[in-house]
Structures are given as structure tokens and as C-alpha cells.
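Below: the structure, in C-alpha cells.
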Amino acid sequence: MAAVRDRRHLNLRLPLPEPSQRRPRFPLLLPPSTVTNTITISTADAIAPNDIEKLNVLGHGNGGTVYKVRHKRTNAIYALKVVHSDSDPITRRQIRREMDILRQTDSPHVVQCHGFFEKPSGDVSIVMEYMDLGTLDTLLKNNGTFSEPKLASVARQVLNGLSYLHAHQIMHRDIKPSNLLVNSNMEIKIGDFGVSKIMRRTLDACNSYVGTCAYMSPERFDPESYGGNYDGYAGDIWSLGVTLFELYVGYFPLLPSGQRPDWATLMCSICFGDPPSLPEGASAEFRSFIESCLKKESSERWSAAQLLTHPFLKG
Ligand SMILES: Nc1ncnc2c1ncn2[C@@H]1O[C@H](COP(=O)(O)OP(=O)(O)OP(=O)(O)O)[C@@H](O)[C@H]1O
């Protein structure tokens, strides 16, 4: 197990850089990527960073701090993700990657981006739509577990987002409750593209070890045992299956309830254990849906487009 040999620290989030990765070419017209001191809300309404007032901190991620902000002139509310100039190179690379991806995505199921700016000080910021209920992780902690009808709605929306991303050769690689944003219309949008990857060629290798370990598929933990390069699209589906399972039962399903995850235990559970089974009481449709996401063999896992036709989502 090369993966075991290579890991010395118990770190659930392992964002290793990809030295060979270059900024991708985009098929769509993009805003200028050079240093700019303005935020482009629309071509007719560009605002300077000074036009934005920070209201409060919404959260901290590996990649920086997210603030709730107000546009002073229009009163519009946004979320502003800031990575400071003194952040480590990996973090700075991640926010640039996120900017690159958000520049070319346009889906109701992917968080919308309203602009970017980079201050002369080196701080890099992304202005995003504000999702007023936070993330699915917040909802789980505050409101408890999700019913099957609610999960079907979550699954349908996330799969629409994944289907869009995968059709554009973008793999998210870090699907988990805290990266799925929610608003009070119960719209779910995929966010945090810091470790995502755009596949420039169909046969591009995708073997970097990034993302949050707990939600990683078996073939990402141990690519050698699973035939070499992993399929990142199928990896996103595995992560969605774990996420939905967790929202249903209220705890991370791949470890005994309450156990603190360490890397080795996780790896054994994901790579050598059977996929978890839903508790009694789950419907046959939901059980079948989760099984279709959590096939250990990635080639047997359903794609996002296939899952959108699953009977569980028919209601
Ligand atoms: N568009 C948004 N609207 C409202 N809140 C947001 C938005 N984006 C992020 N947040 C809040 O900020 C927090 C931090 O987000 P961020 O994307 O930086 O990191 P994360 O996904 O929580 O963590 P990690 O980087 O470790 O994956 C989120 O958990 C969420 O609570």
C-alpha cells in the first residue's frame, strides 16, 4: 500500500500541490486574470474593494476566511472569501484554482461568483452569492437529521450540479456537507472548488491526493489496488453517497458512531470494509440509491446523469 507508506501524519485534509498543473485554457470569455483592484459585478457596475463593507465572519476554511459583506451603494449582500497575502503557497494556489473554475461555471446548482479582486497587498478575494443558511453541515448540527424526502431534494440538486460540472470535465473532489451551501429557499449549491480539477484531455491522469480524507472513495485512498489512476467523477459520487448517508443518520457512517477519525482507521474502513448499510427503516429506494453511490468498484458506481433517473428521486 503505497498510500500507507506515504502518509506519516494523521491529517484528514491532505491538499498536496500539483506542480505540473498550469492554469487551464478556458472556452468562455473570461474577465482579465491580471491583478485588478476592482470587483466586476456586471460590466456596467464595477465596484472597488472599498465599496464593500464587511459585516461579520461567516466561517473559516482551510482556504481562508469568508465574510458576509454589504455593497455600500446597492445594499446587496454577498459572501466574500479572502485569502491573505501571508497564506501558504498551497492555499494561494487553491483560491486561484477556485477562481478559475468559478469563472467558467454557470449553473443554478453551483455557487454563483460575482467577481474577483487581488489587492496590491497580495490579498486575493472572491465575491460570491450569499447563502443565508450556511452549509448542510450547519443544518445537520442545528436542525438534526434529514428525512428521505428532504434528502431526495438535496440529492437531486447536488446531482444536477455534479452532472453540469462533469459534463464540463470538472471534478469537484471535495464533496461533503460543509461544501454544500444552502439558502432559505432550500436551494443547495456546490461551493469550495479549492481542490477541484479541470480535465483538459479525456485521458488526463487524475491521481493527486487532495480533498478531505473522510469522504474519499476507496480508489483515491489506494489507487494501486484499484487499478491505477482513479476516476474523479466516480469519486464525487462516492463522496455524495457518504454525505447523504451522514445527513440521514447524523454521524459519519464509515466509522463506529462517535469514533474520532484518524487516517489509518479511515483508510482501513474505506478500502477494506464493506460499504455501510442504512439502518432499518430506510426505504428500499433510498437503500438502492445509496448502494448505487457507494459501490466500491468505481466502474460500477452510477454516474450523476444515471442517478438523476433513479426511482428515489422520482417523488
Ligand atoms: N457563499 C457563501 N454564503 C454563505 N456562507 C458561506 C459561503 N461560502 C462559505 N461560507 C461559510 O464559510 C465557511 C468557510 O468556507 P470555505 O469554503 O472557506 O471553507 P470550508 O469548506 O468550510 O472548509 P474547507 O476549506 O476546510 O473545506 C463555510 O463553512 C460556510 O459556513
Side-chain angles (χ1 to χ4, degrees), residues 13 31 36-88 91-92 94-103 105-144 146 150 154 157-158 161 172 174-196 212 243 247:
R13 190 178 168 94
T36 168
N37 221 357
T38 59
I39 304 173
T40 306
I41 296 298
S42 76
T43 43
D45 192 16
I47 57 171
N50 287 346
D51 291 339
I52 282 184
E53 178 194 8
K54 284 182 185 160
L55 300 177
N56 55 272
V57 172
L58 292 170
H60 299 277
N62 262 351
T65 305
V66 181
Y67 300 89
K68 180 177 176 180
V69 297
R70 182 179 72 89
H71 181 229
K72 292 176 192 166
R73 196 153 37 85
T74 63
N75 269 334
I77 299 291
Y78 298 99
L80 181 77
K81 186 169 191 169
V82 182
V83 165
H84 295 291
S85 52
D86 55 359
S87 307
D88 62 85
T91 301
R92 294 181 65 74
Q94 286 184 349
I95 194 154
R96 286 177 188 287
R97 193 194 300 235
E98 186 160 16
M99 282 163 58
D100 282 342
I101 289 176
L102 289 177
R103 272 193 179 111
T105 49
D106 181 15
S107 158
H109 306 291
V110 173
V111 71
Q112 202 187 341
C113 176
H114 293 278
F116 314 91
F117 61 84
E118 185 165 342
K119 287 186 173 173
S121 64
D123 289 359
V124 184
S125 307
I126 301 179
V127 186
M128 294 175 284
E129 72 181 298
Y130 171 57
M131 300 294 284
D132 59 348
L133 294 190
T135 69
L136 288 181
D137 191 44
T138 326
L139 279 196
L140 179 63
K141 283 178 184 140
N142 293 342
N143 301 352
F146 288 55
K150 276 192 182 156
V154 168
Q157 296 185 63
V158 178
H172 186 277
D174 205 10
I175 294 290
K176 59 179 178 176
S178 67
N179 284 340
L180 298 173
L181 295 153
V182 198
N183 64 23
S184 36
N185 296 328
M186 277 317 284
E187 291 171 327
I188 316 287
K189 308 204 180 195
I190 301 174
D192 197 352
F193 287 79
V195 299
S196 304
T212 309
T243 296
L247 295 173

### Summary
Closest non-hydrogen atoms of T135 and S178, given as atom of the first, atom of the second and distance, are CG2-O, 3.4 Å

### Task
For the residue pair T138 and L133, establish whether any side-chain heavy-atom pair is separated by less than 4.5 Å.
no

### Query
Going by heavy atoms in the side chains, are I77 and L55 under 4.5 Å from each other?
yes

#### Entry: Validation row: N179, H172 side chains within 4.5 angstrom (heavy atoms)
yes

### Query
Are the side chains of K54 and V69 in touch, meaning some heavy atoms are under 4.5 Å apart?
yes

### Query
Are the side chains of I188 and H109 in touch, meaning some heavy atoms are under 4.5 Å apart?
no

#### Entry: Verdict with reasoning, K72 to E53, per salt bridge (charged side-chain N to carboxylate O under 4.0 Å, His left out)
CA-CA 6 Å; K72 292 176 192 166; E53 178 194 8; over 6 Å; no

### Message
Could you check whether any side-chain heavy atom of L102 comes within less than 4.5 Å of a side-chain heavy atom of V111, counting everything from C-beta outward?
### Response
yes

### Message
Has E187 got a side-chain atom pairing as donor or acceptor with P108's backbone, closer than 3.5 angstrom?
### Response
no

### Summary
On a heavy-atom basis, the closest approach of G64 and V83 is CA-CG2, 4.2 Å

### Message
Give me the atom names and distance for the closest heavy-atom approach of A79 to V66.
### Response
CB-CG1, 4.1 Å

## Note on the structure
The reported gap from NE2 in H71 to OH in Y78 (rounded to nearest 0.5 angstrom) is 7.0 Å

### Summary
Correct closest heavy-atom pair for L80 and S125 would be CD1-CB, 3.8 Å

#### Entry: More than 12 heavy atoms from other groups under 6.0 Å of CG on N183
yes

### Task
Verify salt bridge (charged side-chain N to carboxylate O under 4.0 Å, His left out) between D192 and K81, making sure each step is shown before the conclusion.
CA-CA 10 Å; D192 197 352; K81 186 169 191 169; 3.5 Å; yes

### Nearest atoms (heavy-atom pairs only) where Q112 meets E129
N-OE2, 2.7 Å

### Message
Using the rule given for side chain to side chain contact (heavy atoms under 4.5 Å, CB included), can you reason through L139 versus M186, listing the C-alpha separation, both sets of side-chain angles and the distance that settles it, and then say yes or no?
### Response
CA-CA 11 Å; L139 279 196; M186 277 317 284; 4.1 Å; yes

### Task
Quick one: pull up CD in E98 and CE in M128 and give me the separation to the nearest 0.5 Å.
6.5 Å

### Query
Does the side chain of M99 reach to within under 4.5 Å of the side chain of V124, using non-hydrogen atoms?
yes

### Task
Please report the shortest heavy-atom distance between G191 and L181, naming the atom on each side.
CA-CD1, 4.0 Å

### pair I52-Y67: side-chain heavy atoms closer than 4.5 Å
no

